[in-house]
Q: 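Here it is, the structure, as structure tokens.
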Amino acid sequence: MPELPEVEAVTRKLRVASPWAEIVATGQFRPTTATGLERAIGLRVEGASRRGKHILLSLSGGPVVRVHLKMTGNLVVIPDVRLRTATVRAWLALNDGRGIVLEDPRALGRLTFHETIDGLFDDLGPEPFSAEFTAQHFVAEAQRTKKPIKLLLMEQRAVVGLGNIYAAEALFQAGIHPAKPSNEISVVRLKRLRGHIVDVLTAALDSAIAAYEQPGAFTEGENFPVAVYGREGEACWRCRAAIRRMPQGGRSTYYCPKCQR
DNA sequence: AGTCACCTGATT
DNA sequence: AATCAGGTGACT
């Protein structure tokens, strides 16, 4: 599911389940799924927030449970923790009978308990919707490296929240070739790209929230209209050239060879 | 700096 | 049987 917009939608949906209760038990499908979870027992859940693609459950007294959904995870509240579906990989049982559960068919998602939030996100770049995501910061990060711009966007350092879909979409909107060395892109184009990142994530957040409102309809996946992602061979919306797929960093990058130089 | 392992399921 | 998948660490 998740790049930043989907993680944000999941987090907002979680918050609807407040007021929270005390954690009375925890469990996991495999030892690698969660670490230190049992230390959360006896603490109250006090809130849910997001940083980059991470979800944070804040607990009474200061500890947190950090959740990463990876490729296919979803974090939801179920009314009865005993009634878990087959793909629930980890759970926090609350003293009102409910459960906060990680559903994740692919089982790559992770939960980790931390005594404090301090230092947890030191390696993460600025939030795209925050005042810290300045053109100055973004340009400086790009100029530090010759790595392809698409990889820079996915590193969570120049900015957090972009994944394979929205990185490709932002680059299409900006008319920049995904393999272009970051430090060879003009300042003007970098500033334009920064704006498109914000725009793409904003539009994607809107559709992710809409998707999560519809009960039953599109609870999985989102309905953001992609221009290039997954459209290999199709005609570009702008110039009709055939969209291409190329490997980059072990993933598929989609782009328009004519619109993106 | 680039590749690969981590997982399971859907599609070719 | 092989390839691919909205992510990220941990390796060469």
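Below, each value reflects all heavy atoms present in this structure, side chains not excepted, and no hydrogens, waters or symmetry copies. Chain letters run A, B, ... following the sequence lines, proteins first and then strands; every chain starts at 1.
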Q: Give me the one residue out of A/Asp118, A/Thr112, A/Thr116 that meets side-chain hydrogen bond (donor to acceptor under 3.5 Å, both in side chains) with A/His114.
A: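 With A/His114 as partner, A/Asp118, A/Thr112, A/Thr116 yield a single side-chain hydrogen bond (donor to acceptor under 3.5 Å, both in side chains), made by A/Thr112.
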
Q: Checking A/Ser182 side chain against A/Lys147 main chain: does a donor-acceptor pair fall under 3.5 Å?
A: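 Here the side-chain-to-backbone pair exists.
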
Q: Hydrogens and angles aside, do A/Thr33 and A/Gln28 bring a side-chain donor and acceptor to less than 3.5 Å of each other?
A: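 Looking only at side-chain atoms, A/Gln28 and A/Thr33 do not form any donor-acceptor pair under 3.5 Å.
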
Q: Suppose you measure atom P in C/dA10 against the same atom in B/dC7; what distance do you get, rounded to whole Å?
A: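 Between the two P atoms, the distance is 14 Å.
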
Q: Identify whether A/Leu43 and A/Ile55 are in the same connected component of the hydrophobic contact network (ILVMFWY, side-chain heavy atoms under 4.5 Å).
A: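 Yes; A/Ile55 is reachable from A/Leu43 via cluster members.
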
Q: Which comes earlier along DNA chain C counting from the 5' end, the contact point of A/Arg251 or that of A/His54, where each point is its nearest nucleotide?
A: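 Closest to the 5' end, via its nearest nucleotide, is A/Arg251.
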
Q: Is A/His68 near enough to C/dT8 that one of its side-chain N or O atoms lies under 4.0 angstrom from OP1 or OP2?
A: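 Affirmative; the distance criterion is met.
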
Q: Write out the stems for DNA chain C, ordered by first number and formatted as range with range, counting runs of at least 3 consecutive Watson-Crick or G-U wobble pairs under 3.5 Å.
A: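 Stems found: B:1-6 with C:7-12, B:8-12 with C:1-5.
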
Q: To the nearest Å, how far apart are A/Phe121 CZ and C/dT8 P?
A: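 Roughly 12 Å, once rounded to whole Å.
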
Q: Take the protein atom CD of A/Gln248 and the nucleotide atom P of C/dG7, then report the distance between them rounded to whole Å.
A: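 After rounding, the reported distance stands at 14 Å.
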
Q: Closer than 4.0 Å, any side-chain N/O of A/Tyr254 to the OP1 or OP2 of C/dA5?
A: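 Checking C/dA5 against A/Tyr254, a side-chain N or O does come within under 4.0 Å of OP1 or OP2.
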
Q: To the nearest Å, how far apart are A/Leu120 CG and C/dT8 P?
A: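 Atom-to-atom, A/Leu120 to C/dT8, this comes out as 15 Å.
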
Q: In whole angstroms, how far is the C1' atom of C/dT8 from the CE atom of A/Met154?
A: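 Computing the A/Met154:CE to C/dT8:C1' distance gives 10 Å.
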
Q: What is the distance from CZ of A/Arg231 to P of C/dC4, rounded to the nearest Å?
A: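 Whole-Å distance recorded here is 20 Å.
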
Q: Whole-Å distance between C/dG7 C1' and A/Arg157 CZ?
A: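 Rounded to whole Å, this separation is 19 Å.
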
Q: Distances under 3.5 Å between protein N/O atoms and the N/O atoms of nucleotides 10-12 of chain C, please, pair by pair.
A:
none

Q: Output one letter per nucleotide in nucleotides 7-12 of chain B: B when a protein non-hydrogen atom lies under 4.0 Å from the base, S when only the sugar-phosphate is that close, - when neither is.
A: BB----

Q: Students often mix this up, so state it plainly: with edges at 30° and 60°, are the rings of A/His54 and A/Phe121 parallel, tilted or perpendicular?
A: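 Tilted.
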
Q: Tell me whether A/Arg194 forms a cation-pi arrangement with A/Phe133, defined as NZ or CZ under 6.0 Å from the six-membered ring centre and within 45 degrees of its axis.
A: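 The answer is yes; both the distance and angle limits are met.
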
Q: Counting distance only, does the side-chain N/O of A/Gln156 pair as donor-acceptor with the main-chain N or O of A/Gly52 below 3.5 Å?
A: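 Not at all, since once roles are kept as given, no pair shorter than 3.5 Å links the two residues.
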
Q: Using whole Å, report how far NZ of A/Lys147 lies from C1' of B/dG2.
A: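 Atom NZ in A/Lys147 sits about 10 Å away from atom C1' in B/dG2.
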
Q: Using a 4.0 Å heavy-atom cut-off across all strands, classify A/Ser252 as base, sugar-phosphate, or nothing.
A: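 A/Ser252: backbone/sugar contact only, no base atoms under 4.0 Å.
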
Q: Could you tell me whether A/Gly163 contacts a base, only the sugar-phosphate backbone, or nothing, with contacts defined as non-hydrogen atoms closer than 4.0 Å?
A: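 Sugar-phosphate contact only.
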
Q: Expressed as a whole number of angstroms, how long is the span from A/Leu152:CG to B/dA1:P?
A: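 The answer, rounded to whole Å, is 11 Å.
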
Q: For A/Arg51, give me all partners under salt bridge (Lys or Arg N to Asp or Glu O under 4.0 Å), at least two apart in sequence or on another chain.
A: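 Result, salt bridge (Lys or Arg N to Asp or Glu O under 4.0 Å) vs A/Arg51: A/Glu127.
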
Q: State whether the side chain of A/Arg240 and the backbone N or O of A/Arg238 hold a donor-acceptor pair below 3.5 Å, judged by distance alone.
A: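 Here the side-chain-to-backbone pair does not exist.
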
Q: Just to verify, what does A/Arg39 make a salt bridge (Lys or Arg N to Asp or Glu O under 4.0 Å) with, not counting sequence neighbours?
A: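 If we apply the salt bridge (Lys or Arg N to Asp or Glu O under 4.0 Å) test to A/Arg39, skipping adjacent residues, the hits are A/Glu115.
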
Q: Phosphate oxygens OP1/OP2 of C/dG7: is one of them under 4.0 Å from a side-chain N or O of A/Lys53?
A: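 Affirmative; the distance criterion is met.
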
Q: What is the distance from atom CD of A/Glu184 to atom NE2 of A/His177, rounded to the nearest 0.5 Å?
A: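 Nearest 0.5 Å value for the CD-NE2 distance: 12.5 Å.
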
Q: If you compare every side-chain N and O of A/Gln156 against the phosphate oxygens of C/dG7 (OP1, OP2), does one of them come in below 4.0 Å?
A: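 The answer is no; no side-chain N or O of A/Gln156 sits under 4.0 Å from OP1 or OP2.
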
Q: For residues 62-86 of chain A, which residue pairs qualify under salt bridge (Lys or Arg N to Asp or Glu O under 4.0 Å), counting only residues two or more places apart or in two chains?
A: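 For residues 62-86 of chain A: A/Asp80-A/Arg82.
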
